[in-house]
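Below: the structure, in structure tokens.
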Amino acid sequence: MRSRDPRRLDPLATPHHTYIVLDTETTGLDPRGGAQLIEIGAVHIRDDRKIGEFHQLINPHTRIPEQVTRLTGITPRMTVGQPDARQAMALFDRWLPKDSIVMAHNAGFDIRFLDRAEADRGNRFFHHMYVDTLEMSRLLHPEKPHHRVADLIRDYRIGDREEHRALSDALQEQQLYERMREEAFPEA
């Protein structure tokens with residue numbers, strides 16, 4: 001089901017050549033249920049060339065579940081002394097170009113956490129327009145049973161596994177977008 005979020009852009013409306021791909025790691029699945037950001041990673045692409053990266057571990061000031069540590073490799077010790085989500089969001093916001101389009105795989109998940117961090121900073125929400133590459137994959141390949149990053153990076157021969165670290169996943173997701181963009185817009 002497509003998001004009704006007014007920030008969401010149709011992934012097949014136009015090819016993008018300048019954008020930010022972002023990924024987050026969290027302590028759980030729902031920020032309304034108390035889950036917290038523990039990492040943000042992003043890649044800045046301008047005219048199809050990588051021109052910058054952002055990476056920030058985040059102190060959640062709460063327990064990191066063992067299954068999250070097993071999945072991501074992020075331990076509580078790694079987050080000690082790191083900024084909290086509000087401070088990390090301020091750093092990320094300064095790094096993000098104004099009015100940039102962001103992309104994420106299953107973007108609604110990441111956007112909910114970024115919205116929460118922005119609300120903690122006194123802002124209404126994360127103000128960037130976004131493209132969901134999960135939606136793009138589903139539209140391009142409705143025959144596929146799964147559209148997880150782990151499956152797609154193998155299908156597109158980008159990698160063998162998803163690392164579940166924000167920056168490395170953002171880099172893989174950027175390659176996924178390029179491959180899907182080539183399929184959707186062969187002339188672009």
Side-chain angles (χ1 to χ4, degrees), residues 1-26 37 39-56 88-115 117-118 123-144 146-188:
M1 184 163 115
R2 289 186 184 181
S3 168
R4 289 190 168 101
D5 189 328
R7 297 170 290 179
R8 184 195 66 81
L9 298 170
D10 180 343
L12 298 181
T14 186
H16 297 281
H17 300 277
T18 298
Y19 53 92
I20 307 292
V21 180
L22 67 88
D23 190 66
T24 62
E25 301 301 333
T26 66
L37 283 167
E39 188 175 42
I40 299 173
V43 182
H44 184 182
I45 304 299
R46 181 186 303 144
D47 298 325
D48 293 327
R49 297 184 65 205
K50 182 175 82 164
I51 63 164
E53 295 179 353
F54 178 90
H55 175 255
Q56 182 62 60
M89 203 61 211
L91 294 170
F92 188 46
D93 195 43
R94 280 196 293 273
W95 179 82
L96 274 170
K98 186 178 174 161
D99 299 325
S100 57
I101 293 172
V102 299
M103 294 186 185
H105 200 76
N106 192 16
F109 177 85
D110 300 288
I111 296 298
R112 280 194 306 274
F113 280 91
L114 298 177
D115 282 347
E118 285 291 5
N123 298 323
R124 277 187 60 212
F125 51 82
F126 182 68
H127 61 275
H128 292 267
M129 302 295 284
Y130 67 87
V131 171
D132 188 342
T133 56
L134 173 62
E135 179 185 1
M136 186 176 193
S137 178
R138 286 177 173 159
L139 291 169
L140 286 172
H141 296 286
E143 77 285 357
K144 283 183 182 279
H146 302 288
H147 298 270
R148 297 174 295 225
V149 170
D151 297 316
L152 295 175
I153 62 172
R154 282 191 298 276
D155 292 350
Y156 285 102
R157 294 187 173 101
I158 290 168
D160 295 328
R161 65 182 181 83
E162 179 182 13
E163 292 186 32
H164 294 286
R165 289 301 302 267
L167 182 57
S168 61
D169 289 355
L171 288 163
Q172 288 180 329
E173 291 166 23
Q174 186 267 327
Q175 292 177 60
L176 282 175
Y177 175 72
E178 284 184 7
R179 301 284 172 75
M180 288 189 292
R181 184 185 66 198
E182 288 170 5
E183 287 180 310
F185 307 98
E187 313 292 311

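On a predicted model such as this, the values are computed, not experimentally measured, just so you know.
Met129 CE to Asp99 CG: the interatomic distance, rounded to the nearest 0.5 Å, is 10.5 Å. In this structure, CD1 in Ile40 is found 5.5 Å from CG in Leu114, a value given to the nearest 0.5 Å. A distance of 9.5 Å separates CD in Gln172 from CG in Asp23, rounded to the nearest 0.5 Å. Taking OG1 of Thr14 as the reference point, atom CZ of Phe185 lies at 6.0 Å (rounded to 0.5 Å). The structure places CD1 of Ile45 at 8.0 Å from CD1 of Ile51, a figure rounded to the nearest 0.5 Å.
The pair Arg8-Asp5 fails the salt-bridge criterion, with no side-chain N (NZ, NE, NH1 or NH2) lying under 4.0 Å from an Asp/Glu carboxylate O. Using a 4.0 Å cut-off between charged nitrogen and carboxylate oxygen, Lys144 and Asp155 count as a salt-bridge pair.
More than 12 heavy atoms of other shown residues, nucleotides or ligands fall within 6.0 angstrom of atom CD in Glu143.
Heavy-atom minimum distance, Glu163 versus Asp169: N-OD1, 3.3 Å. Closest heavy-atom contact between Glu25 and Ala166: OE2-N, 3.6 Å. Looking at every heavy atom in both residues, Tyr130 comes nearest to Ala107 through CD1-CB, 3.6 Å. Contact between Asn123 and Glu118 at its shortest, heavy atoms only, is ND2-OE1, 2.6 Å. Looking at every heavy atom in both residues, Ala42 comes nearest to Trp95 through CB-CZ3, 3.7 Å. Taking each heavy atom of Asp160 and Ile153 in turn, the nearest pair found is C-CD1, 4.4 Å.
Not a single side chain to side chain donor-acceptor pair (under 3.5 Å) links Thr26 to another residue, sequence neighbours left out. For Arg46, there are no salt bridge (Lys or Arg N to Asp or Glu O under 4.0 Å) partners two or more places apart in sequence or in a different chain. With sequence neighbours excluded, the residues satisfying side-chain contact (heavy atoms from CB on, under 4.5 Å) with Arg94 are Ala90, Leu91. Shown here are the side-chain contact (heavy atoms from CB on, under 4.5 Å) partners of Ser137, two or more places apart in sequence or in another chain: His147, Leu152, Met180. The side chain to side chain donor-acceptor pair (under 3.5 Å) search around His16 returns none, not counting sequence neighbours. Every residue meeting the salt bridge (Lys or Arg N to Asp or Glu O under 4.0 Å) condition with Arg181, not counting sequence neighbours, appears here in chain and number order: Asp48. Applying the side chain to side chain donor-acceptor pair (under 3.5 Å) criterion to Asp110, with sequence neighbours excluded, gives Thr24. Under the ring pair (Phe, Tyr, Trp, His ring centres under 6.0 Å) criterion, Phe113 pairs with Phe109, not counting sequence neighbours. With sequence neighbours excluded, no residue forms a salt bridge (Lys or Arg N to Asp or Glu O under 4.0 Å) with Glu162. Residues satisfying the side chain to side chain donor-acceptor pair (under 3.5 Å) test with Gln174, not counting sequence neighbours, are Tyr19, Glu178. Residues meeting the side-chain contact (heavy atoms from CB on, under 4.5 Å) test with Arg165, sequence neighbours left out: Glu39, His55, Leu57, Thr72, Ile74, Met78, Ser168. Every residue two or more places apart in sequence or in another chain that forms a side-chain contact (heavy atoms from CB on, under 4.5 Å) with Leu12 is listed here: Asp10, Met136, Leu139, Leu140, Ala184.
Looking at Arg179, its side chain never comes within 3.5 Å of a backbone N or O of Gln175 through a donor-acceptor pair. With hydrogens and angles ignored, the 3.5 Å screen pairs a side-chain donor or acceptor of Arg7 with a backbone N or O of Phe126. Put simply, the side chain of His128 gets close to the backbone of Ser100: a donor and an acceptor are under 3.5 Å apart. Judged purely by atom type and a 3.5 angstrom limit, His105 uses its side chain to pair as donor or acceptor with the backbone of Leu134.
Side-chain atoms of Thr18 and Asp47, non-hydrogen and from C-beta on, do get closer than 4.5 Å to each other. Glu182 has its side chain out of reach of Tyr156: every pair of non-hydrogen atoms, C-beta onward, lies at least 4.5 Å apart. Proximity of Glu173 to Val43: side-chain heavy atoms (C-beta onward) are nowhere separated by under 4.5 Å.
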Take Thr133 and Leu176 through the side chain to side chain contact (heavy atoms under 4.5 Å, CB included) test and state the conclusion after the steps. CA-CA 8 Å; Thr133 56; Leu176 282 175; 5.9 Å; no
